[in-house]
Protein chains: 2
Amino acid sequence: MDQNSLPPIQTTARDDAVLKALVGFVRAEALQPGERLPTERILAERLKVSRNTVREALTRWEGLGLVERRQGSGTYLKAAVSPDMLHMPLTLAGGNDFTSLMHTLEIRRALEAEAAALCAERASPADIAEIERKLDIMEQAFRTRDGMSSEEDWEFHQAIYRVSGNPLFEQIIAAMHELFHRFWEHPLGVRDFGHASFPYHRTIYQCIAARDPQGARAEALKLIATVEDDLKRGAAKLKLPSQT
Amino acid sequence: MDQNSLPPIQTTARDDAVLKALVGFVRAEALQPGERLPTERILAERLKVSRNTVREALTRWEGLGLVERRQGSGTYLKAAVSPDMLHMPLTLAGGNDFTSLMHTLEIRRALEAEAAALCAERASPADIAEIERKLDIMEQAFRTRDGMSSEEDWEFHQAIYRVSGNPLFEQIIAAMHELFHRFWEHPLGVRDFGHASFPYHRTIYQCIAARDPQGARAEALKLIATVEDDLKRGAAKLKLPSQT
DNA sequence: GTGCAGAAATTGGTTGGACCATTGGACCAC
DNA sequence: GTGGTCCAATGGTCCAACCAATTTCTGCAC
C-alpha cells in the first residue's frame, strides 16, 4: 500500500474530509467492490483524526450501502465510489399492511418490466449465458425443493438487473426486496406461493435471448401479475386488513 | 437443506435498538418535523448506552435525511418517522455525465409508464377532470411561453402519480426530479428541449380518460423516448463524455 | 424598564484510551 | 484430515474529557 495515498487531512468538517480522503484512496489503490479497505485504526492514524471520527464517516457510507463492516474481519467495499457521487436517500413511509405491500409490488412491476426490456436490448452473449445459468439453477432448485427457490429466484432477477446496465434497478428493487421479505417469509398461508410465476422466468429469458424487448417487458408484467394474484389470495385467506 | 431454516443469528444491534427506541419516543411524544429531540447526553443516559452509540445511530438518521444536527443547538426532526419505514439510499456514480442522466431517465420511464397505466385503471371522473385541467394549463403555458412549461409539465405528471393511488411513484420520481434538475436547468444546449414530448401529454390523457391502461403505458413510453432523444442530441452537441 | 455586550451554560463535534465480541488463521493432539 | 485451542487482528462499545458553535442568562449603561 502506498502511504502517500492517505495524506493527513486539514480543517474542520472532519468526517466529510475523511470520506473525501477515502474516495481518493479507493481510486488511488483501484479498489474493487468486495475488497477490504484499511482498518479503522490505520485510517485514524494516517488521517490524523480520532478513530471515532473515522467510524462516523464509515457509518455514513455504511448507511448508503457503499461499504459493509464485519466485526473481527474488516470493512469491505460494496460498490464503486467516485468523487462526484450523488446520494439520494429515500425513506418511504411503508407499512406492513396489505395496501403498502401492493404498492411496493407496483413499483417492482414497473422496474422489473423496464429492466427486462433493457436487458433484452443490451445483453451480450456472455450475459445471456450467465442469465441462463441462473435460470437453470433456479429451476433445478424449484423442482428438488418443490417450489422453495426464493434465493435462487432472487439471483436470477438480480442477474437481469445487472445486465440491464443500470445499477439503479438493483439498488431500488433490493431495498424493496428487504421490505417485501418481512412479510414473505411466511407465504401468507398460500401453500404454493410463487408456483404460478415459475414458467414466466423461462419465457422472460427466451425473450431476452431473442433480443425482444417488448416481449420481455410483457412477460415480466405477467410474472408480477401472478405474484399479485397470489398475494391477494393470501390476503383474502388471512382476512388481512386492507388498511393500517 | 432449506437455507431459510438457518438464518444468521442476531447478536448485537445496539444502534439499531437505539433507533427503534427513538422511533417509539417520537411517536409517544408526537414530535412533529422541526421539533427538537433530546440531547445526545440525555439519550445516552436514558437508554443506558454510551454517547458514542447514540451518535452512531443519529449519524445514520442524519444520512437518511430524517434528522438535522446543529452544533450548540440540538438535533431536530426533519421528517415524519414510523416504525416500518423503508429506506432506499440511492447513490448514482458520476453526477453530471451523460450515462448517469440516462440511468435516471430509464427509471423514470419505467415508473412513468406504470403510473400512467394504473392511473387509467383507477381514475375517477373527478380525477380525470383534474388531470385535464392540469393538461390545459400546461398546454396554455407551452403556447404562450413557447415551450418553457417545465413547471406546469411537472404538475401534470404529479397529478397522474397521485391518481395512480400509489404514493411511492410520486416520492421516488420527485426525488429523481430534483436530482435531474441540477443539470437540467440548462437544457443541454438543445433549444427546443421538450418540444417533441409535448403532444404525448394529451395522448396519455386521452388513454387515461378512455380507461386504456395499455395505451397509456405505451404513450408514456413514447414520451420518455422523445426526452431521451433530446438528451442524446444535446450530449452529442456538447460532446459530453459518455463515461466518467 | 430597555438594550446590549459579555459571561455562562448548553449542545453537538472530536479526541484518546480502554475493554469486549467476533473472526480467522496458526498450531496441535488425535 | 478432523476437531480442538489459542491468539492476534478488527469492528463494537464505553468512558471521560475537551473543543466549537449556539443559546441563554446576567449585569451594566442609559
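Below, chain A is the first sequence line, B the second, and so on; all start at residue 1.
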Exercise. Please walk me through it: do A:Arg51 and A:Glu40 pass salt bridge (Lys or Arg N to Asp or Glu O under 4.0 Å)?
Worked result: CA-CA 6 Å; A:Arg51 192 178 148 220; A:Glu40 298 176 349; 3.0 Å; yes
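- Among the protein residues, A:Arg70 comes within range of the sugar-phosphate backbone only, with heavy atoms under 4.0 Å from sugar or phosphate atoms but none that close to a base.
- Without hydrogens or angle criteria, B:His157 side chain to B:Trp154 main chain gives no donor-acceptor distance under 3.5 Å.
- Nucleotide C:dG17 holds its P atom 13 Å from the CZ atom of A:Arg51, rounded to whole Å.
- Across C:dT15, C:dT14, D:dC14, the shortest atom-to-atom separation from the side chain of A:Val49 is found for C:dT15.
- Taking atom NZ on A:Lys48 and atom C1' on C:dG16, their separation rounds to 14 Å, with Å as the unit.
- Computed from coordinates, the B:Gln71 CD to D:dC19 P distance equals 13 Å when rounded to whole Å.
- Distance CD (A:Glu62) to C1' (D:dG11): 10 Å, rounded to an integer number of Å.
- Remark: P of D:dC15 and CD of B:Glu40 are 15 Å apart, rounded to the nearest angstrom.
- One can place CD of A:Glu56 at 16 Å from P of D:dG11, the figure rounded to the nearest angstrom.
- A donor N or O paired with an acceptor N or O is found under 3.5 Å between the base of C:dG16 and the side-chain atoms of A:Asn52.
- Ion pairing between B:Arg60 and B:Asp16 holds under the 4.0 Å rule for side-chain N and carboxylate O.
- In this structure, of C:dT11, C:dG16, D:dC14, it is D:dC14 that holds the atom nearest to the side chain of B:Ser50.
- Phosphate contact (OP1/OP2 of D:dA9, side-chain N/O of A:Ser73, threshold under 4.0 Å): absent.
- If you measure from atom CZ of B:Arg55 to atom P of C:dG13, you get 5 Å, rounded to the nearest angstrom.
- Taking the side chain to side chain donor-acceptor pair (under 3.5 Å) definition, one finds that B:Thr59 meets it with A:Glu56, B:Arg69, sequence neighbours left out.
- Note: CZ (A:Arg41) to P (D:dA9) measures 10 Å, nearest angstrom.
- Listed pair A:Thr75 / D:dG11 meets the phosphate criterion, a side-chain N or O lying under 4.0 Å from OP1 or OP2.
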For this session: Apply salt bridge (Lys or Arg N to Asp or Glu O under 4.0 Å) to the pair A:Arg108 and A:Glu106, showing each step before the final yes or no.
Result: CA-CA 5 Å; A:Arg108 185 177 167 191; A:Glu106 284 165 7; over 6 Å; no
